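See below for the structure under consideration.
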Amino acid sequence: MRTRFSPIGLFDSGIGGLSVARQVMRMLPNENIVYFGDTARVPYGTKSPETVIGYSLQAAAFLRSQGVKLIIIACNTASAVALQAVQLASEVPVIGVIQPGAAAAVAATRNGRVGVIGTQGTVQSLAYQNAITDLSCSTSVLAQPCPLFVTLAEEGHTYHPGTLIFAREYLHPLLRQSIDTLILGCTHYPLLQPSISEVCGPAVTLIDPGIATAQEALHLLEHSEMRNSSTSLPRYEYYLTDLPLKFIEVGERFLGRKLDHVHRVQLDDLPNIF
Ligand code: DGL
């Protein structure tokens with residue numbers, strides 16, 4: 001039985017979803033959280049939509065088995081290809097990051113030229129491109145996959161000469177097209193924000209879809225009277241399908257708090273949906 005005290009569930013292919021979790025912790029400070037990071041099968045961004053849908057259904061089934069009251073797909077690649085499948089399979093509300101991120105970018109752009117960076121899977125799905133043009137047909141969207149950013153983020157290279165080199169390589173083509181707004185369309189990318197903002201400069205507004213997604217979660221819980229009003233300290237649990245030491249090290253640095261409850265879950269123990 002789910003109550004307002006039940007946790008919010010978030011899942012991602014790895015560490016990147018912590019950028020969404022961070023916004024949820026900030027905007028919904030009383031909520032308990034269960035985070036699932038599929039660190040054994042990261043990256044999702046280079047895999048086929050069918051594979052990512054299968055992984056996402058498993059992650060969502062795991063979160064439901066933990067009694068969550070809301071699922072946030074804190075992975076752009078999974079949101080792009082699996083949102084509908086996960087919604088259909090779930091008896092709790094499910095939100096993704098694409099729609100909120102697209103709406104925030106449309107609201108932010110002044111010249112109607114929006115850049116989107118993401119994984120190969122997200123860019124090829126056209127999910128952002130379609131969501132933006134549905135909201136504003138006069139906005140043009142330039143999309144660029146940045147596959148190496150995921151590894152750089154997993155390694156914690158937030159501000160690093162290597163990250164800057166690849167940021168220039170990936171972002172200059174978009175900057176030459178005069179974008180004034182850039183969606184960080186992969187949950188790993190906000191971890192690299194210091195390097196990305198240096199390359200983009202102050203004239204480009206960076207959109208972290210995690211912010212608008214946490215706002216949507218807040219509205220949804222308020223509207224359904226499921227917001228946790230307890231004043232006791234929230235409990236944050238992290239479940240990983242593999243335990244890279246880096247998850248804890250980079251995660252603690254990024255969240256600015258200790259990750260006390262990190263558990264390993266074996267892939268074989270995940271709900272079998274195949
Ligand atoms: N963090 C995921 C995303 O937001 C993708 C990283 C990956 O697994 O390729 O798209």
Side-chain angles (χ1 to χ4, degrees), residues 9-24 35-60 63 71-83 85-86 94-102 104-105 115-129 131 143-158 163 166 170 182-193 196 206-214 216 238-242 244 246-247 250-251 254-255 267:
L10 293 99
F11 77 85
D12 182 55
S13 56
I15 198 169
L18 292 181
S19 65
V20 183
R22 179 167 78 161
Q23 301 302 340
V24 174
Y35 182 92
F36 177 87
D38 198 0
T39 45
R41 300 189 291 201
V42 66
Y44 282 9
T46 51
K47 299 197 168 72
S48 69
E50 301 73 48
T51 300
V52 175
I53 290 172
Y55 292 172
S56 302
L57 288 172
Q58 262 192 318
L63 290 174
I71 294 175
I72 301 178
I73 307 186
C75 171
N76 291 261
T77 313
S79 297
V81 300
L83 177 63
V86 175
V94 180
I95 61 174
V97 290
I98 303 277
Q99 198 61 38
V116 180
I117 51 174
T119 65
Q120 198 76 46
T122 300
V123 170
Q124 267 170 9
S125 75
L126 303 181
Y128 270 114
Q129 295 91 320
Q144 167 75 47
C146 306
L148 290 170
F149 277 180
V150 172
T151 316
L152 291 162
E154 294 273 336
E155 285 299 315
H157 292 327
T158 302
T163 309
F166 286 109
Y170 290 142
L182 178 68
I183 301 179
L184 306 179
C186 169
T187 49
H188 283 67
Y189 299 174
L191 279 76
L192 307 179
Q193 192 151 340
I196 296 173
L206 300 186
I207 302 291
D208 173 357
I211 297 173
T213 304
E216 186 175 330
Y238 304 87
Y239 291 88
L240 307 176
T241 50
D242 204 342
K246 284 280 178 192
F247 184 92
V250 177
F254 181 70
L255 292 178
L267 285 176

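Read the numbers this way: they start at 1 and go in the same order the structure lists the ligands and their atoms. In this chain, residues are counted from 1 in sequence order. What you see is a predicted model; the values in this text were computed from it and never measured.
Glu154 places none of its side-chain heavy atoms less than 4.5 Å from the side chain of Lys246.
When Pro145, Cys146, Cys186 are each tested for a side chain to side chain contact (heavy atoms under 4.5 Å, CB included) with Val123, only one passes: Pro145. For the ring-ring contact (aromatic ring centres under 6.0 Å, His included) criterion with Tyr189, the lone passing option out of Phe166, Phe149, Tyr170 is Phe149. Partner of Pro209 under the side chain to side chain contact (heavy atoms under 4.5 Å, CB included) criterion, chosen from Val20, Ile183, Thr187: Ile183.
Note: His188 NE2 to Thr151 OG1 = 8.0 Å, rounded to the nearest 0.5 Å.
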Run the side-chain contact (heavy atoms from CB on, under 4.5 Å) check on Tyr55 and Lys47 step by step: do they pass? CA-CA 10 Å; Tyr55 292 172; Lys47 299 197 168 72; 3.9 Å; yes
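Sorted by chain and number, the heavy-atom contacts of ligand 1 below 4.0 Å come from Asp12, Ser13, Val42, Pro43, Tyr44, Gly45, Cys75, Asn76, Thr77, Thr119, Val150, Cys186, Thr187, His188.
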